[in-house]
Amino acid sequence: MSSKKSATGKSATAKKAQRATGQGQKATARPDAKAAKTAKAADAAGAAANAAPTGPRPARLTAAAVLAAAEGVVLLGFGVYVLIMGLTGDPESPQQAEMLGVTVLALALLPLLAARGLWLRRRWSRGPATITQLMALPVAWTLVQNGGGLIAAGVATGVAALAVLALLINPTATEALGIGPRDA
């Protein structure tokens with residue numbers, strides 16, 4: 001009988017251990033299931049926030065994207081020109097010319113990325129596009145002040161910057177980017 005009791009005792013202890021382990025597994029399974037549901041909900045919310053708004057792209061937003069891309073292409077061309085002239089030309093300081101070329105090439109990325117974001121109707125793109133235009137205004141003023149052939153370049157730069165700014169603050173463009181009245 002003692003062997004039966006010890007076997008039964010072991011069985012009862014084993015059963016208690018299984019229940020405790022089973023309950024422990026259930027207790028840990030529930031938070032995991034809740035965490036999985038929460039993670040899925042967060043992923044869905046993130047995907048909805050990053051998704052481009054539906055419907056056709058407004059002409060104003062398209063125009064802003066094209067103008068920003070044109071500015072980026074002009075900066076890219078100027079950067080390549082300055083870099084090549086720094087390497088092959090006879091500047092006063094080749095190092096400064098090369099550094100200016102590299103800097104302008106790096107700065108050309110901002111309007112190009114912003115233009116791509118505007119074209120794809122990404123919400124984040126409005127900020128870099130606006131910053132680029134605000135940076136272009138003093139450059140335009142400096143070009144106009146230097147006179148000569150730079151006046152035309154300065155006027156073109158200023159007009160393009162003001163046009164993009166006007167297009168970006170337009171309610172049609174902000175709605176197309178998914179920016180509501182409280183988000184602006």
Side-chain angles (χ1 to χ4, degrees), residues 45-184:
N50 291 332
T54 59
R57 183 184 319 102
R60 290 180 174 118
L61 191 58
T62 302
V66 168
L67 282 171
E71 290 171 342
V73 168
V74 168
L75 275 173
L76 195 65
F78 180 67
V80 168
Y81 171 77
V82 170
L83 189 61
I84 289 172
M85 292 310 292
L87 293 172
T88 62
D90 190 26
E92 286 183 25
S93 173
Q95 292 86 8
Q96 285 182 348
E98 292 164 8
M99 186 55 72
L100 176 64
V102 170
T103 303
V104 172
L105 287 174
L107 288 174
L109 293 177
L110 184 63
L112 291 173
L113 290 173
R116 184 173 190 277
L118 290 172
W119 186 264
L120 297 174
R121 296 172 65 181
R122 299 292 190 250
R123 199 181 163 139
W124 59 263
S125 62
R126 186 175 176 217
T130 302
I131 290 169
T132 301
Q133 305 319 310
L134 292 174
M135 288 177 8
L137 290 173
V139 171
W141 179 255
T142 302
L143 290 172
V144 169
Q145 293 298 315
N146 284 331
L150 296 176
I151 292 175
V155 169
T157 302
V159 168
L162 290 173
V164 173
L165 284 171
L167 291 168
L168 289 176
I169 63 171
N170 187 285
T172 305
T174 57
E175 287 174 17
L177 292 171
I179 300 170
R182 288 185 232 155
D183 297 336

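The figures here come from the full heavy-atom set of this structure, side chains too, leaving out hydrogens, waters and symmetry mates. When a residue number appears, it is its place in the shown sequence, counting from 1.
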Of the non-hydrogen atoms in L67 and A163, which two are nearest, and what is the gap between them? CD1-CB, 4.0 Å
Test side chain to side chain contact (heavy atoms under 4.5 Å, CB included) applied to V80 and L105, step by step: CA-CA 7 Å; V80 168; L105 287 174; 3.8 Å; yes
Measuring from atom CG of L110 to atom CG of L75, what distance do you get when rounded to the nearest 0.5 angstrom? 9.5 Å
When rounded to the nearest 0.5 angstrom, what is the spacing between CD1 in I179 and CD1 in I169? 12.5 Å
To the nearest 0.5 Å, tell me how far L100 CG sits from S93 OG. 10.5 Å
Which heavy atom in L168 sits nearest to a heavy atom in A129, and how many Å separate them? CD1-CB, 3.6 Å
With a 4.5 Å limit on heavy-atom distance, are the side chains of V164 and T130 in contact? no
Heavy-atom pair with the smallest gap, counting every atom of V155 and V144: N-CG2, 3.8 Å
Locate the shortest heavy-atom distance separating G72 from P111; write the atom from each residue and the value. CA-CG, 3.6 Å
How many angstroms lie between CD in E98 and CG in L87, if you round to the nearest 0.5 Å? 4.5 Å
Within the structure provided, determine whether T157 and L143 are in side-chain contact (heavy-atom separation under 4.5 Å). yes
Is there a side chain to side chain contact (heavy atoms under 4.5 Å, CB included) between V102 and V82 once you walk through the steps? CA-CA 9 Å; V102 170; V82 170; over 6 Å; no
Using modelled atom types and a 3.5 Å cut-off, is there a donor and acceptor pairing between side-chain atoms of R57 and backbone atoms of W119? yes
For A176, does its backbone N or O pair with a side-chain atom of R121 as donor and acceptor, under 3.5 Å? yes
If you count heavy atoms of other groups shown closer than 6.0 angstrom to CZ of R60, is the number above 12? no
How far does CD of E71 sit from CD of Q133, to the nearest 0.5 angstrom? 4.0 Å
Counting only heavy atoms from other residues, nucleotides and ligands, does the tally under 6.0 Å from CE of M99 exceed 12? no
Has the side chain of N170 got a donor or acceptor atom that lies under 3.5 Å from a matching backbone atom of A166? no
For W141, does the CH2 atom have more than 12 heavy-atom neighbours from other residues, nucleotides or ligands under 6.0 Å away? no
Donor-acceptor contact below 3.5 Å, side chain R126 vs main chain W124: no
Least distance between heavy atoms, A97 atom then G86 atom: CB-CA, 3.7 Å
Could you give me the CA-CA distance, side-chain angles and deciding distance for L118 and V66, then say whether side chain to side chain contact (heavy atoms under 4.5 Å, CB included) is met? CA-CA 9 Å; L118 290 172; V66 168; over 6 Å; no
Taking all non-hydrogen atoms of both residues, which atom of S125 and which atom of A114 are closest, and how far apart? CB-O, 3.6 Å
Calculate, to the nearest 0.5 Å, the distance between atoms CG and CG belonging to L107 and L112 respectively. 11.0 Å
